[in-house]
Every structure is written in C-alpha cells, then in structure tokens.
Number of protein chains: 2
Amino acid sequence: MASRAKATILDIAREAGVSKSTVSLVLQGSRLIRPETALKVRKAIEDVGYVYNRGAANLRKAHSNVIGMVINDLTNPFFAEMAVGMERVFQSAGIVPFIANTAESPVRQEEVLKSLMEQGVAGLVVSPARGTTPGAFRRLETAGVPVVFVMRRLPESRIPVITPDNHRGAYLATAHLIGKGHRRLAFFGGSSDLVVYHERLGGFRAACEAFGIAPADRLVFEGETSRKGGIACLETALAMAAPPTAALCFNDAVAFGVLLALRKRGLEPGADFAVVGFDDVAEAEHYMPALTSVAVNTAGLGERAAHVVLKMIQSRTTRAEDHIGAVNLVVRESCGPDRKEHGCAGMGDAA
Amino acid sequence: MASRAKATILDIAREAGVSKSTVSLVLQGSRLIRPETALKVRKAIEDVGYVYNRGAANLRKAHSNVIGMVINDLTNPFFAEMAVGMERVFQSAGIVPFIANTAESPVRQEEVLKSLMEQGVAGLVVSPARGTTPGAFRRLETAGVPVVFVMRRLPESRIPVITPDNHRGAYLATAHLIGKGHRRLAFFGGSSDLVVYHERLGGFRAACEAFGIAPADRLVFEGETSRKGGIACLETALAMAAPPTAALCFNDAVAFGVLLALRKRGLEPGADFAVVGFDDVAEAEHYMPALTSVAVNTAGLGERAAHVVLKMIQSRTTRAEDHIGAVNLVVRESCGPDRKEHGCAGMGDAA
DNA sequence: TTGATTTATTGGAACGTTCCATTTAATAGG
DNA sequence: CCTATTAAATGGAACGTTCCAATAAATCAA
C-alpha cells in the first residue's frame, strides 16, 4: 500500500546522482548517455518503482502516441474481429491502442470522441455509429487529428474510408443465387440509414438487372441487422402470396436468423430456400448448415485501416486515399444444390 | 485543416476578456462565477474551438478519471458482453473507460498495464490473461491503483475478485445430468492453468460424489476452450471402449463444438448424448438444439465489478471484498428427455 | 463614514516532463 | 603547451492546467 508521493524523474536523478536531464535522456534511449551512466539510472528507476508520466511528457511534446479505436458494436463478432486486426498492427508498431465502444449510439460516440480528444489522441480509427451526423467529426478535423473510417462511411465527408467492395460482393452473391436457378429473390435486413446498405442493395439490384430478373421478382425487406431481424424478414417473406425462394442477407447475423427460422418451420435451408450471408464471420463456417457468405477479409481491412492512420500520423496529414478491399464469395452449404425447373420437395416453391 | 497552435485556456481568457483562472473555474462548473461571465466564456470556448487538455490538468490534480478495462479476449462474445456491462456503469458515472485487449497473452498484458499506468489510470478492471504471473500486478499495487479482477482469479493475490459461483454452477449442471439418468459422465475442455477450471471441475466432482457416481465413471478431458476443443474432446471420448453418455462442458464454446461434432457423426444431441454448457452466452438460446447451460449473469458481473472499482477509487482504498455471483441452470433442449434404463430414440422434449 | 463580510475575479506558483543552450571533461591536432 | 573538437552531462525555460492566496467590488452593520 503505502506508496508516498509518486516518484518523479527528479527522485531518480537524486538516487542515481545525476541530473534530471540525464534521466530524461536515458528514458528516451538517447545515445548521448554513457552506457554505464544509463545503467545506473535504470537501476535507480527499478529501485524506486518509478512510473513514467506520459501526461507530463505530452504537455511538452504535443505528440501523444495514443491511438484510439472507436467501435460501434463490440459485441458483434464481426467488429471485434476487425478490432483485433487493427490491434495487431498497432502492437507491432509499439503502440497500445485504446478501444472505445459506442454501442451504436451517436450520443455516446460524441462523448467518446470528446474524451479521446481531451486525452490528446494522435489518431483515430472509427467505425461510426449508425445515425452519426455529418458534423460529428468536425472538431477532430479542425484539430487536425488524423481519422480514418473503417467499414462504414458517412454520406458527405472528406475522411478517408476503408471498406470492402460491398457492391461487388452483393453482385457476386446474387449472381450465385441466380446461377442456382432462383428467379424470385429477396434482400433481407439492414436499414437505409447506413451507406453500406445502399451499396449492398445496389449490387443486388445490379445483378438482378444484369441477369434479367423482373423488378417485381426482387423483393427488399428492411429489418434489424441481427438474428432477430433475419427471423422477422423470413416470416414476412414466406407469408406472401408468391414468396421468394432465396435471399441475400445484409450480413451473417441476419442469415443465421433466417437459417434458424427455416428450421423452425420444418424447412431445409439450402434445399427449400437458399441463403447467402455477408461478411463471412468465423461462425459461418461452423454453422449448420455451413453458411455461404461474402468474405470481406475483416481482419485485413482492420489492419489496412491501422496502417493508413499510422502513415497519416507520421506524415502529419489529415488526408489519405480511400481503400476498397477485394471480396470473394465462399460457397458452402446454405444454397443447396443447383435448382431444377421446379423446386424439389419441401413446400411451396416458386410460382 | 490549418488549425494553428492549439487554443489554450489563455486564448479563451483573452477572447472573453477575463483571466485564465476564471476560465478554469468555468470549465469546472464552479458556482463562484457570475452566470453571465460563464456564458461569455463558454461562447469564447465554442468560437475558438478549444479542446480541454486533460493531461495538463492531471499533472496538477493527480486525479485522472481514466479507467481501464483490460480484457483477455475481446473476440469472445462472453467477455465482450461482460465488457459492455461494465461500460454501462462507467458511462452513467460520466466516465469513458478505455478498453484494452490482451489476446490472452501475458506479455501483451504487461505492455497494456504499463501503458495504462503511464497514462495515469485511476482504476482498473481486469480479466487476466491465462498464464499471468503472480507478480504481474505488483507495480499497480505499489502505485496504489485500485484493481479488481473479474471472471478469473490469480492463485495468490490480494486483489478483489468478482466471479460467478463456478463450483455451484458445475454442481447444479452435473446433478441435472445425473437426474436425467446418466451414469457415465464427462467433463470437457478447459485447461488446468486457470483457477476457474479447478472450480468448475471441483463442482462436477462434488456432484458425482454426492450422487454416487463411481470415480471410474467420471471422465475428464482437458482441451482448448473453443469449438475446436469441444470437437476434439468428443472425438476422443467416443473412441473409448465405454464412452460417456453426457458431458458438462467447460464453457459454451466447447459445448457448441460438441453439438457440432455429434451432428457430424449422425448422432442426435440430447437424445444420444447430453450436453450442458457453461456461461449461457446469448447464442446458447438460439442454437440448434438450444443449449442447456449455466447462466452466470455475465453483464451483471461486469456491472458489479465496475461498481466495486468505482467505490474503491472514491474511497481511495486498494482493498475490497470478493463477490461470488449467483448462478442458475437454464434448461433447454441439449440434454433431451429423461433417460430410461436404455437411451430411447426420438428427440421429444424434456419430460 | 468606517470597517467587516460576502461575492467575483485574478496572479502566480506548482505539477513532471522535454529540449535548447550551456558547461564541463576528455581527446586530438598542432 | 594551447586551442579545437567531440562527448557527456546539466540548468532552466517552457507546456496547459489547478488552486491557494490575494485583490477588487459590492453589500451590509454600525
């Protein structure tokens, strides 16, 4: 317990019989100090139990080496995975990033951003909360703090963005479904306040158009981006007079919900109704049936984002190029075998 | 861009025509300042785009209001959930906690702890990495920083701990299995370098003993605490001459693995082999079949931990009582119906 | 009026670093 | 030997806050 007044650089100086400047230099690993002196100082540091006061240092340096990762939803394995990718990069750069969760709340995000600024962050990687207002990052911008967005973008913003190629991914997935013989397709989940949503939906539409699916045969169901949302989408879709036979889901969580709901109804995912997810989270591979999904290289995008912000900090700029990451469809079991003229057994299939 | 030298309290003072002390008081919401003066100052703050420099403030106050949450594995939904519980509490206390991930590496943890100390944290909630050495937290202790452990404890440490009642949970689960008619039981997954492991295994053994299961009929399989670990455990268990008919799993991830492996082998979880998980993560309810698991009130424990550390900070102590959280078994489908003399077919629900 | 009290405001000395400009010691060149 | 040069160590002035003690202005008691 005890621990009287915290030891400072001066205490070490006294202990080691040198000046505070010398101690400071040792702390910074300067080559100006004679090795044996450095050793003496380091010993004193150890003896006294000194802990470096970064706040004081930053006061002088204005160069804080703190990097923040602001994540919209840490309980979502997808974002957690991305966060871990970033962390890897920061770690190997010798930086301990601070992670903050906004729980998808713009208000909370505001608080977090404020706190981070007060702490003097050197840079930020942000996956913005849904409903973030365009002005939310102005303070950061005027303060000249490098920021990069990852996974999500804001409608009108000059902040660089690292995202997967959502349009292409959705296109590929949709094409796959059509190739399997489906002619009446749905897009499940997601809400239109996310730019990503429009990108993915755009890819879906483009593919439908390219392969001659009539506008009346492509159904869009907005919904929560969660299992629950997926369940709801499937329910309302199957309640239609002429239900779809396949769905591209906004993300894997929605797809899992759909798979679940199918089972509950006694339908066989894949055979009776084809499902494709998006993001290819770790769980997709282990699901029952294994989920066909668009892999976006989650951790890789995180790493990329981290690299970009590092580079920005280093070159003292607040601008950088956007990066659109490659995607690919990984085909598993959730779309079943190819579909013949008329659906196989099971229940109500295409008209 | 631009943003010449950062604005300080003095710039605002000049702008508002008052002294820096006045500005400082306004920032702290002091009632000593005339409301109209305060207003004038606040306007200047807004105009200049000032951001508070907490580092400078802390230098003077030595009272940092930064709290850290050190998590062993953020990609594990269980810990993520716990983290979110803590966050909730800190948020309503007006504090933005910083989360750091150690990825189950003691080395990484060391770095994180060091960084946090340098940042001048006021307190810490830690779920220690596996293999943490007893001395890892000595620096924190001698510095007098309040620390509380959550979910995991260290073999010999005076740091307060918030955990679920692992022994009781395992006991309940095992009793349930025995009540279902199982007489040859296994404990799957986990490794003995975790105190939790011994607690849970202890509960398992105690129940076996209490209900007269012969020592030869309780099998222990160490293994990774992941899906993969669960799969492996089941494989080796079923390869035995007299395999068990039910298993208590170290945690839900292991249980999911077991469920998966059963399916792969064409066995029906519940009917052919009963499975109980531990932790009751959100996914347990939605699995196929829904997993019977020991609910530990994850988020609640997180909240509790946060409260404790807050109290410790406030009362300037480094000691607090341990807290053992209540647990309860939530019965779903993964143990099937009661077991007759010889396992029955079908997969009806619990009797 | 005078002094005492209250209310608002302010200067200045910390806080623990960094880093520039110096000083001191050691080495080399002649 | 003296003077340059290099190497090693040092003092002191920042950095942007807080907070104590002091002041100034306003109110009150006589």
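By convention in this document, chain letters (A, B, ...) are assigned in the order of the sequence lines, proteins followed by strands, and residues within each chain are numbered from 1. Scope of the values below: all heavy atoms of this structure, side chains included, with no hydrogens, waters or symmetry mates. Remember, predicted model here, so these are calculated numbers, not experimental data.
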message = Tell me the interatomic distance from B/R31, atom CZ, to C/dT6, atom P, rounded to whole angstroms.
response = 15 Å
Rounded distance (Å) that lies between atom C1' of D/dC19 and atom CD1 of B/I9 = 12 Å
note = Atom NZ of B/K61 and atom P of D/dC19 are separated, to the nearest Å, by 7 Å
ask   = Relative to the ring of B/F98, is the ring of A/F98 parallel (under 30°), tilted (30 to 60°) or perpendicular (over 60°)?
value = parallel
ask   = How would you label the contact of B/L25 with the nucleic acid (heavy atoms, under 4.0 Å): base, sugar-phosphate, or nothing?
value = base
key: First encountered from the 5' end of DNA chain C, between B/R60 and B/G17   = B/G17
ask   = Quick one: A/N65 CG to C/dT17 P, roughly how many Å, whole number?
value = 15 Å
request  = Please determine, for the side chain of B/V18, which listed nucleotide (D/dG16, C/dT10, D/dT18) has the closest atom?
outcome  = C/dT10
key: Minimum-distance nucleotide to A/S21 side chain [options: C/dT10, C/dG16, D/dT10]   = D/dT10
query = Is the phosphate of C/dT9, meaning OP1 or OP2, less than 4.0 Å from a side-chain N or O of B/T22?
reply = no
task = Begin with the C-alpha distance, continue with both residues' side-chain angles, and end with the deciding distance and a verdict on side chain to side chain contact (heavy atoms under 4.5 Å, CB included) for A/L113 and A/R139.
result = CA-CA 9 Å; A/L113 255 23; A/R139 312 291 297 239; over 6 Å; no
request  = Using the closest heavy atom to pick a nucleotide of DNA chain D for each, name whichever of A/R34 or A/K20 lands nearer the 5' end.
outcome  = A/R34
inquiry  = Using whole Å, what does the distance between atom P of nucleotide C/dT10 and atom CG of B/L32 come to?
reply    = 13 Å
ask   = So, A/S127 and A/N72: side-chain donor and acceptor under 3.5 Å apart, yes or no?
value = yes
ask   = So how far is it from B/Q119 CD to A/Q119 CD, rounded to the nearest 0.5 Å?
value = 6.5 Å
task = Classify the nucleic acid contact of B/T8 as base, sugar-phosphate or nothing, counting any heavy atom under 4.0 Å across all strands shown.
result = sugar-phosphate
inquiry  = What contact category does A/S24 fall into here, base, sugar-phosphate, or nothing, at under 4.0 angstrom with non-hydrogen atoms?
reply    = base
query = For the base of D/dG11, is there a side-chain donor-acceptor partner from A/S19 under 3.5 Å away?
reply = no
d(CD1, B/I33; P, C/dT10) in whole Å = 8 Å
request  = Could you tell me which residues satisfy salt bridge (charged side-chain N to carboxylate O under 4.0 Å, His left out) with A/E156, sequence neighbours excluded, listed by chain and number?
outcome  = none
request  = Could you check how far CG of A/L59 sits from P of C/dA14, rounded to whole Å?
outcome  = 17 Å
key: Rounded distance in Å - CG (A/N53) to P (D/dG16)   = 16 Å
key: Under 4.0 angstrom between B/Q28 side-chain N/O and D/dT17 OP1 or OP2   = no
